[in-house]
Amino acid sequence: MKSYRKELSFNLPGRRGFVNITPQVEQCLSESGVQEGLVLVNAMHITASVFINDDEPGLHQDYERWLEELAPHEPISRYKHNLTGEDNGDAHLKRQVMGREVVVAATKGALDFGPWEQIFYGEFDGGRRKRVLVKIIGE
Amino acid sequence: MKSYRKELSFNLPGRRGFVNITPQVEQCLSESGVQEGLVLVNAMHITASVFINDDEPGLHQDYERWLEELAPHEPISRYKHNLTGEDNGDAHLKRQVMGREVVVAATKGALDFGPWEQIFYGEFDGGRRKRVLVKIIGE
Amino acid sequence: MKSYRKELSFNLPGRRGFVNITPQVEQCLSESGVQEGLVLVNAMHITASVFINDDEPGLHQDYERWLEELAPHEPISRYKHNLTGEDNGDAHLKRQVMGREVVVAATKGALDFGPWEQIFYGEFDGGRRKRVLVKIIGE
């Protein structure tokens with residue numbers, strides 16, 4: 001069994017944003033030499049998500065508006081978590097809706113995807129360096 | 001290490017619906033010959049889900065009504081994604097709540113489940129052929 | 001390839017609550033002898049979650065309030081599932097928001113976590129014994 005590990009780094013200037021990380025994950029799979037196996041991609045921070053959906057800017061605006069409806073950033077006082085001095089209570093909730101991680105099949109050395117599947121990093125508390133873990137096991 | 005791959009196909013007549021796919025996944029595990037390992041089951045489409053919950057029709061009606069409250073299908077103009085000519089913006093949001101994939105343990109050649117766990121395909125934009133991937137690795 | 005399986009048991013006195021299970025999962029990984037691999041941790045019950053977030057009591061109160069807003073426990077008659085005689089329809093919905101399972105990388109024999117990641121059992125229908133499955137594969 002082979003295993004492979006890599007960290008990807010992000011530093012989004014705004015509070016929130018989505019980044020298509022499919023090419024980086026494909027590069028990891030290529031470096032791993034794994035032909036058949038599983039690819040785990042997870043946010044290493046608890047105010048960020050990794051998820052799979054469509055690379056369509058209108059949809060990303062829909063996600064942004066919808067997540068703000070479900071868990072508004074303001075008023076900051078809405079969240080007991082923010083009594084710790086943080087202002088990112090909303091980000092911990094948004095991340096649960098979008099998810100921490102994806103597990104993708106590797107088949108014949110490629111990400112085994114349907115026609116529109118793309119992997120995104122979802123940032124909900126940006127403005128600083130944050131990381132994503134890629135772990136691959138297989139043969 | 002053994003690996004196994006199979007696609008399951010669905011074509012639900014309505015826009016939305018839930019299908020219990022546990023027997024098909026059990027069949028895949030049996031075909032794979034894997035005794036100990038991990039079973040990944042994921043929607044290959046970004047307007048559908050694979051999730052684990054109860055096979056109880058009342059609960060499925062509850063999911064249907066709740067997801068419509070969280071992300072209503074209409075008005076179509078509610079979603080910027082629908083400016084592309086699609087009418088499935090809501091389906092991309094509903095799928096995030098219910099999830100893309102499940103990972104299930106295989107133990108002694110069987111799905112290692114609690115008493116009520118069943119695997120479902122969740123369709124949020126039906127009326128056409130769509131696929132689910134089953135990937136199994138182990139020994 | 002090594003594989004390891006263990007069940008963890010919980011019996012929370014109240015209807016809802018969160019328990020940090022990171023030490024138990026670390027113990028499992030240590031017992032497994034796996035250095036490089038994947039760790040699956042999943043609720044075996046469909047009214048409970050396993051998720052990764054922050055061990056901060058204010059945040060857990062935020063989750064509790066927010067999940068009650070998204071899927072209120074009462075009135076019981078709100079959920080068709082409760083026509084079966086159950087009163088836990090809300091718990092099946094809350095569990096979908098928080099998720100069934102997490103998959104964590106094992107690297108050099110440790111859970112490969114970012115700075116604040118902790119694993120929680122989320123109970124939404126307590127007052128009885130329930131179980132979590134830990135399955136580890138790797139080398």
Side-chain angles (χ1 to χ4, degrees), chain A residues 1-9 32 37-51 69-72 76-86 88-104 125 128-139, chain C residues 1-3 18 22 34-42 49-71 93-120 122 136-139:
Chain A
M1 197 198 80
K2 289 177 179 168
S3 72
Y4 171 96
R5 179 196 193 272
K6 191 168 197 175
E7 291 183 10
L8 311 177
S9 269
S32 76
L38 294 178
V39 180
L40 168 67
V41 189
N42 70 263
M44 301 184 75
H45 299 259
I46 53 190
T47 52
S49 285
V50 170
F51 67 96
E69 286 173 7
L70 291 179
I76 301 298
S77 61
R78 179 184 168 98
Y79 302 99
K80 291 203 189 302
H81 180 58
N82 292 338
L83 294 173
T84 63
E86 298 276 4
N88 64 7
D90 64 306
H92 291 270
L93 279 58
K94 288 175 168 114
R95 117 74 169 255
Q96 291 305 125
V97 176
M98 298 303 279
R100 167 189 180 259
E101 80 217 7
V102 296
V103 178
V104 181
D125 185 32
R128 54 203 171 93
R129 181 173 169 273
K130 293 168 83 171
R131 291 173 293 153
V132 162
L133 179 65
V134 182
K135 183 90 181 189
I136 304 173
I137 69 167
E139 280 189 349
Chain C
M1 198 196 80
K2 289 177 179 168
S3 72
F18 300 116
T22 315
V34 168
Q35 294 290 305
E36 303 292 324
L38 294 178
V39 180
L40 168 69
V41 189
N42 68 265
S49 285
V50 171
F51 66 96
I52 287 176
N53 218 295
D54 197 0
D55 197 355
E56 198 282 296
L59 178 64
H60 297 180
Q61 292 179 58
D62 293 332
Y63 280 138
E64 160 65 17
R65 191 184 58 114
W66 180 61
L67 292 168
E68 265 297 287
E69 285 173 9
L70 290 179
L93 279 57
K94 289 174 167 113
R95 117 74 169 253
Q96 290 305 125
V97 176
M98 298 304 278
R100 167 188 179 260
E101 80 218 7
V102 296
V103 178
V104 181
T107 300
K108 298 181 181 172
L111 299 176
D112 197 337
F113 268 160
W116 300 101
E117 290 190 281
Q118 295 284 299
I119 309 174
F120 290 88
I136 303 172
I137 68 167
E139 280 189 348

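These figures come from a predicted structure and were not determined experimentally. Letters go in sequence order (proteins before strands), and every chain restarts at 1.
Atom NE2 of His81(A) and atom CD of Glu56(C) lie 5.5 Å apart (nearest 0.5 Å). A distance of 9.5 Å separates CG of Asp55(C) from CD1 of Ile46(A), quoted to the nearest 0.5 Å. To the nearest 0.5 angstrom, His92(A) atom NE2 is 9.5 Å from His60(C) atom NE2. A distance of 4.0 Å separates CD1 in Ile137(A) from CD1 in Ile137(C), rounded to the nearest 0.5 Å.
Every side-chain contact (heavy atoms from CB on, under 4.5 Å) that Lys6(A) has, sequence neighbours left out, goes to Tyr4(A), Cys28(A), Glu31(A).
Under the 3.5 Å distance criterion, the side-chain polar atoms of Arg78(A) are left unmatched by any main-chain donor or acceptor of Asp62(C). A side-chain donor-acceptor contact under 3.5 Å links Trp66(C) to the backbone of Leu70(A).
Every pair passing side-chain hydrogen bond (donor to acceptor under 3.5 Å, both in side chains) that includes a residue from residues 37-50 of chain A is listed here, sequence neighbours excluded: Thr47(A)-Lys130(A).
With a 4.5 Å cut-off on non-hydrogen atoms, Glu139(C) touches chain A through its backbone and its side chain both. Contacts of Gln96(A) with chain C are made by both backbone and side-chain atoms, with heavy-atom separations under 4.5 Å. Residue Leu133(A) touches chain C through its side chain alone, counting heavy-atom pairs closer than 4.5 Å.
Counting heavy atoms from C-beta outward, Arg100(A) and Glu117(C) have side chains that approach closer than 4.5 Å.
Note on Glu86(A), Lys80(A), Arg95(A), Arg131(A): by heavy-atom pairs under 4.5 Å with chain C, the leading option is Lys80(A).
The existence of a salt bridge linking Lys135(A) and Glu36(C) is confirmed by a sub-4.0 Å separation between a basic side-chain nitrogen and an acidic carboxylate oxygen.
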